[in-house]
Amino acid sequence: MRKNRLLTGILAGTMVLTTLTGFSGAGKQETYTEAAKKVNDIGKVKASSGSPAWDTSREDTVTVSVINNFYTAGEKKLAEDYMALHPETKVVIDVISDNDAYTTKMMTSMSDDRSNAPDIVHGNFLAMAVSNDNMGIAAEKGYIYDLTEMLDEENPYNEGKLVRDVFTEDDLALVLSSSGGKYNTFLPFDKIGFAFFYNKGIFEDNGLTVPETFEELTDVCEKLQEAGYDVPLSAGGESYRLLDSFADCIYRADVYPQVLIQPGDALWDEATMSANKDFKFDEGNLYCDQLTVFSDEREMAFARENGYNTEKNKAMWTEFQKIARFFPDNWISADSTQAITDFESQMAPILFQASYNAGNILADTNALPDDMKFEWATFQIDSFENTPDYFTGKIRGYWNFGNIMSIVKKDDTDHMERVKDFYKFWYSPNGAQTCFEETLNNGNYIQGPCVIEGVVLSDNLQQVLAGFEPVAPSKDGNWVTGFSRVTQADLPAFNGLINKLSEEKIDMDSFMDEMSGLYDNYVNDAISRNGYDLNPATADTPKE
């Protein structure tokens with residue numbers, strides 16, 4: 001192997017820098033804060049409006065419940081700055097240890113009249129707790145405050161512009177899609193994406209340029225392997241996102257429209273599902289299907305009727321194998337930690353990873369001794385040089401909102417005005433800037449690129465995050481890929497089968513036969529367990 005694992009201990013022992021710097025080894029580098037303030041030298045955020053819309057003679061508390069380490073430092077700084085402007089309102093950042101504890105808190109705090117519930121929460125976790133992960137239903141039942149009217153209110157922390165002015169219309173449309181096109185259950189702050197990280201020094205040393213097509217990517221991996229890198233591309237189980245993208249290319253035009261909830265289905269809602277009516281995919285508008293809503297039952301009905309061993313699925317796996325053969329051994333069972341370590345120790349010149357790990361990787365590589373530092377950046381692959389059979393158009397990738405913060409709906413008007421005001425403070429360009437700066441400077445996680453217009457990132461950080469945005473967001477194709485759609489009993493067989501395919505130890509026909517049996521087991525189990533009705537005339541009606 002080109003690099004050894006002695007560096008692993010060094011990486012594991014490094015401390016996160018208190019100020020993230022650029023990753024060029026030459027010359028003095030600006031800190032993130034310095035670079036940002038050079039462009040946006042405004043100091044503390046100040047309100048520009050007149051009198052607040054609440055009783056300033058009365059003290060009150062706004063509680064923000066957040067998961068530990070995700071923007072925690074930034075949120076605490078926002079609270080501090082806000083209370084300096086509005087001393088009558090105390091802002092408490094309630095930090096919860098982990099996802100499970102957070103879900104439990106949402107279940108218990110939403111069980112009464114919500115008077116004791118937190119005010120600003122991770123809306124996706126609230127939806128999981130009260131409405132089977134459906135944010136539209138959570139809003140319909142009155143748990144989540146609908147922000148639609150607030151979009152057209154003035155934001156006093158953005159020179160009197162409207163709240164909506166810092167968002168693109170495409171992003172606001174995607175927010176609507178989370179509730180079936182009816183409610184604005186949160187405002188976008190950042191987005192999670194997946195990208196290929198690459199070691200710029202190794203690329204330069206080997207005369208390689210950044211690939212732009214899938215064929216160029218596999219060619220680069222082959223050349224790195226020839227240069228002595230046993231693992232040209234490090235990846236873990238999250239690599240199913242690549243397979244999802246291939247499924248999207250194959251199925252979005254003719255199959256995805258078949259599995260949309262339709263008029264006459266038991267779950268049909270004209271107000272939230274009108275985008276499904278007579279839907280046809282438009283390759284000229286890769287965002288055209290973002291408001292459509294899939295039916296779990298129709299997915300399973302399609303799977304049972306068509307089977308798994310099809311020419312389209314074979315084409316999907318054939319392309320995936322071309323890149324998976326460069327992954328580490330047993331990557332299917334590996335977590336992101338090992339894949340990241342392989343990249344940071346320069347054992348693997350390329351890494352496929354999510355944006356929420358970019359800040360950590362940047363901190364780790366900045367903390368390396370000078371003789372071990374290296375520059376890296378990110379890129380996307382959105383096309384084929386020669387489009388394979390059954391594939392169509394551009395390759396869409398995973399791209400979704402990360403920090404989904406919602407307001408809990410309460411009856412106290414005065415209190416709600418304070419909550420909304422702090423939310424506006426946070427979602428202004430200056431508030432978001434502060435949140436990003438403090439988060440990164442304290443080694444906390446960011447989820448991905450900030451989507452609020454006016455937030456200024458350092459050139460180095462922008463270079464890192466720019467590669468996470470795909471040509472357009474894909475729909476979830478996991479149901480058709482069969483990736484991890486296996487029963488618990490079949491999971492060891494599934495993992496072994498994926499490893500054999502990646503290591504080219506099984507031919508494609510045999511692979512498809514074995515996958516077909518595993519997927520059939522999953523489909524039959526899902527149909528039985530959920531009581532799905534596979535008759536299209538009565539689809540989405542659970543059996544008694």
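Please read all numbers here as calculations on a predicted model, not as lab measurements. Residues take their numbers from the sequence shown, with the count starting at 1.
A pairwise comparison of heavy atoms in Ile446 and Thr439 identifies CG2-CG2, 3.6 Å as the closest pair. Here the shortest heavy-atom pairing between Met405 and Ser65 reads CE-O, 4.1 Å. Here the closest non-hydrogen pair linking Leu217 and Pro211 is N-CB, 3.5 Å. Scanning all heavy atoms of the two residues, the minimum distance from Ser179 to Tyr183 falls at OG-O, 2.7 Å.
Using a 4.0 Å cut-off between charged nitrogen and carboxylate oxygen, Glu154 and Lys424 do not count as a salt-bridge pair. Salt bridge annotation for Asp509-Lys314: present, with a cationic side-chain nitrogen under 4.0 angstrom from a carboxylate oxygen. A salt bridge links Lys182 and Glu140; the closest N-O separation between the charged side-chain nitrogens and carboxylate oxygens is under 4.0 Å. Salt-bridge check for Glu222 with Lys322: failed, with every basic side-chain N at 4.0 Å or more from each acidic carboxylate O.
Partner Asp289 forms a salt bridge (Lys or Arg N to Asp or Glu O under 4.0 Å) with one of Arg396, Lys280, Arg252 and no other, that one being Arg396. The only option from Tyr71, Phe70, Phe401 that meets the ring pair (Phe, Tyr, Trp, His ring centres under 6.0 Å) definition with Phe189 turns out to be Tyr71.
Formation of a donor-acceptor pair under 3.5 Å by the Gln258 side chain with backbone atoms of Asp254 is found in this model. With Asp133 contributing its side chain and Ala127 its backbone, the two residues share no donor-acceptor pair below 3.5 Å. Checking side-chain atoms of Gln447 against main-chain N and O of Tyr356 turns up no donor-acceptor pair under 3.5 Å. A distance-only check finds a donor-acceptor pair linking the side chain of Asp165 to the backbone of Leu162 [under 3.5 Å]. Judged by distance alone, the side chain of Glu215 and the main-chain N or O of Glu385 form a donor-acceptor pair under 3.5 Å. Distance alone, capped at 3.5 Å, is enough to place a donor-acceptor pair between the Ser355 side chain and the Gly193 backbone. Side-chain atoms of Ser234 come within 3.5 Å of backbone N or O of Ala339 as a donor-acceptor pair. With Gln262 contributing its side chain and Leu260 its backbone, the two residues share a donor-acceptor pair below 3.5 Å. In terms of modelled atom types and a separation under 3.5 Å, the side chain of Ser528 and the main chain of Asn524 share no donor-acceptor contact. Of the possible donor and acceptor atoms, none in the side chain of Asn521 sits under 3.5 Å from a partner among the backbone N and O of Val486.
Below 30°, between 30° and 60°, or above 60°: for Phe494 and Phe483 the angle between ring planes is above 60°, a perpendicular geometry. Taking the six-membered ring for Trp and thresholds of 30 and 60 degrees, Trp426 and Phe422 have ring planes inclined between 30 and 60 degrees apart. Using cut-offs of 30° and 60° on the angle between ring planes, the pair Phe379 and Phe196 is parallel. Note: Phe194 and Phe352 have parallel aromatic rings, judged against thresholds of 30 and 60 degrees for the angle between ring planes.
One finds the OG1 atom of Thr392 at 10.5 Å from the CD1 atom of Ile250 (value rounded to the nearest 0.5 Å). How far CD of Glu75 is from CG of Asn403: 6.0 Å, rounded to the nearest 0.5 Å. Note that CZ of Arg298 is 11.5 Å distant from CD of Glu305, once rounded to the nearest 0.5 Å. Taking OG1 of Thr213 as the start and CG of Asn386 as the end, the distance is 8.5 Å to the nearest 0.5 Å. With rounding to the nearest 0.5 Å, the separation of CD1 in Ile452 from CG in Asp190 is 8.5 Å. If you take CG on Asn124 and CD1 on Ile404, they are separated by 4.5 Å, rounding to the nearest 0.5 Å.
With hydrogens and angles left out, the side-chain atoms of Gln321 and Glu504 include no donor and acceptor closer than 3.5 Å.
Two residues are said to be in side-chain contact when any heavy atoms from C-beta on lie closer than 4.5 Å; Ile144 and Val121 fail this criterion. Annotation: side chain of Asn309 is not in contact with side chain of Phe511 (no heavy-atom distance under 4.5 Å).
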| Full working for side-chain hydrogen bond (donor to acceptor under 3.5 Å, both in side chains) between Asn430 and Ser428 | CA-CA 5 Å; Asn430 299 325; Ser428 66; 5.4 Å; no

| task | Show your reasoning for whether side-chain hydrogen bond (donor to acceptor under 3.5 Å, both in side chains) applies to Asn313 and Tyr251. | result | CA-CA 10 Å; Asn313 278 353; Tyr251 288 104; 2.6 Å; yes

| request: Starting from the C-alpha separation in whole Å, work towards a yes-or-no answer on ring-ring contact (aromatic ring centres under 6.0 Å, His included) for Phe246 and Phe214. | output: CA-CA 11 Å; Phe246 291 162; Phe214 183 69; 5.4 Å; yes

| side-chain hydrogen bond (donor to acceptor under 3.5 Å, both in side chains) assessment of Trp331 paired with Ser239 | CA-CA 9 Å; Trp331 63 268; Ser239 298; over 6 Å; no

| task | Dump the intermediate steps for side-chain hydrogen bond (donor to acceptor under 3.5 Å, both in side chains) on Asn134 and Ser131, then the final yes or no. | result | CA-CA 5 Å; Asn134 189 314; Ser131 59; 5.6 Å; no

| message | If you apply the rule side chain to side chain contact (heavy atoms under 4.5 Å, CB included), what do you find for Ile395 with Val471, and how did you get there? | response | CA-CA 7 Å; Ile395 303 172; Val471 65; 6.0 Å; no

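With ring centers used as reference points, Tyr198 lies under 6.0 Å from Phe203. Ring pair Phe468/Phe197: centre-to-centre distance below 6.0 Å. In this structure, the ring of Tyr423 has its center no less than 6.0 angstrom from the ring center of Tyr145.
The number of heavy-atom neighbours closer than 6.0 Å to CD of Glu503, taken from other residues, nucleotides and ligands shown, is above 12. Taking a 6.0 Å sphere around CG of Asp278, one finds it holds 12 or fewer heavy atoms contributed by other residues, nucleotides or ligands. Atom NZ of Lys312 sits in a crowded spot, with more than 12 heavy atoms from other residues, nucleotides or ligands closer than 6.0 Å. Enclosure of atom CD in Gln488 is not indicated, since only 12 or fewer non-hydrogen atoms of other residues, nucleotides or ligands lie within 6.0 angstrom.
Remark: Lys475 is positioned above the aromatic ring of Phe294, its terminal NZ or CZ atom under 6.0 angstrom from the ring centre and at most 45 degrees off the axis.
Asn400 pairs by the side chain to side chain donor-acceptor pair (under 3.5 Å) definition with nothing, not counting sequence neighbours.
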